[in-house]
Peer 1: 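Quick one: the structure is below, and I'll ask about it shortly.
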Amino acid sequence: MTLRHFIDTQDFTKQELLDLIALTRLIKEADKQGCTPKLLQDASLAMIFEEPSTRTRVSFEVAMTELGGHALYLKPGEIHLGVRESLADTARVLSRMVDVIMARTLKHETILGLAQAATVPVINGLTDYNHPTQVVCDVLTMMEHMPEGKRLEDLRVTFIGDATNVLSSLMLICTRLGMHFTHAAPKRYQPPETWVKMALENCKISGGTLRITEDPIEAVRDADFIYTDLWWWVGQEAEIPERSKAFMPRYQVNMDLFKHAPAHCKFMHCLPASRGVEVTDEVMDSERSIIFDQAENRLHTEKGILVWLVYPRLKRPSTELEAHYRGRIQAFLAERMGI
Ligand code: CP
């Protein structure tokens, strides 16, 4: 069976991404009826985190439990990841013990290194470049909040703010799926040429569009969804004064900005959010906001991704084969240990 990782949505065709979302919706429907099938019975997931996490950590662990499997939380500094043991050796060892690895790594090269050496699927739980599991969840959430009369290919998504790892992933998945993506940010916080080139290539194939502007008001005029993310992250503390000056108040998502958007336009955020910075409380807690539907969908999406990658690889022995081995082991224990 071909080994596939989930490192970048660019590694998947539009049809594969749509199939993954359709699978996720089926599993979510089952979950809502209280009958999530135990498709990953006895499977194990190693979760490596080089950075803190709430949603990614909890959603993957709960997903494994509800699918009948088990997750191990390997927190920062807990394993020899590139320290006292090479990255490749860690990946090879884990591959002999677990069925799937999910990692949140500081550097994108680290997840690529893990995937290169691993012999089980590796899932990217966020790097300094991208956040693919988040954006599959985001598209699922948009589908569930589709404006009346629109199809996926009609959707207009506007991201306001810094060119973060979430921006790169959202821009790439939307353009790959034939959607219409706008990014509004000051010039120096717009995405690098390499990301733009990939998104434009996606548009050529999918019929989607890409617009990058400095004007947030123009950017939201036709938006079905307005999305934002933190203006700074761990390690960027020294840049806070400069970034605040560049983004505030023009790029804050507040009710004044929403006045320029269509009446049906919804608000999204990958979370965690800095309330009062990139978005106001008023927007976060308004009827426009679908942030908690989005957060919940991380759980359903992780289930979809895990089943997609792991289920086809699991051995499913017949009851006869299981009985055969149980019998042999019990006979051995009886003979040698008298039990
Ligand atoms: N959105 C997201 O990845 O959240 P966490 O950092 O809490 O995992």
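All ligand and atom numbering here is 1-based and tracks the order in the structure. Numbers here simply count residues along the sequence, with the first being 1.
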Peer 1: Give me the residue, atom name and distance of the protein heavy atom closest to atom 7 (O) of ligand 1.
Peer 2: T54 N, 2.7 Å
Peer 1: Any idea which atoms of ligand 1 are less than 4.0 Å away from a heavy-atom of R298?
Peer 2: 1 (N), 2 (C), 3 (O)
Peer 1: Checking side chain to side chain contact (heavy atoms under 4.5 Å, CB included) against L87, which of I111, T110, L112 comes through?
Peer 2: T110
Peer 1: Any carboxylate oxygen within less than 4.0 angstrom of a Lys/Arg side-chain nitrogen, looking at D99 and R313?
Peer 2: no
Peer 1: How about N124 and D8: does a side-chain donor come under 3.5 Å of a side-chain acceptor?
Peer 2: no
Peer 1: Less than 6.0 Å separating the ring centroids of Y129 and W195?
Peer 2: yes
Peer 1: Under 3.5 Å between any N/O of W233 and any N/O of ligand 1: does that happen in this structure?
Peer 2: no
Peer 1: Is the ring centre of Y189 less than 6.0 Å from the ring centre of F247?
Peer 2: yes
Peer 1: Which residue owns the protein heavy atom closest to atom 6 (O) of ligand 1, what's the atom, and how far is it?
Peer 2: R104 NH1, 2.9 Å
Peer 1: Relative to ligand 1, is L271 under 4.0 angstrom through side chain, backbone, both or neither, heavy atoms considered?
Peer 2: backbone
Peer 1: Using a strict 4.0 Å cut-off to heavy atoms of C270, name the atoms of ligand 1 that fall inside it.
Peer 2: 1 (N)
Peer 1: Can you check which of H131, R55, E51, Q294 brings a heavy atom nearest to atom 3 (O) of ligand 1?
Peer 2: H131
Peer 1: Quick one: do the T141 and N297 side chains pair a donor with an acceptor below 3.5 Å?
Peer 2: yes
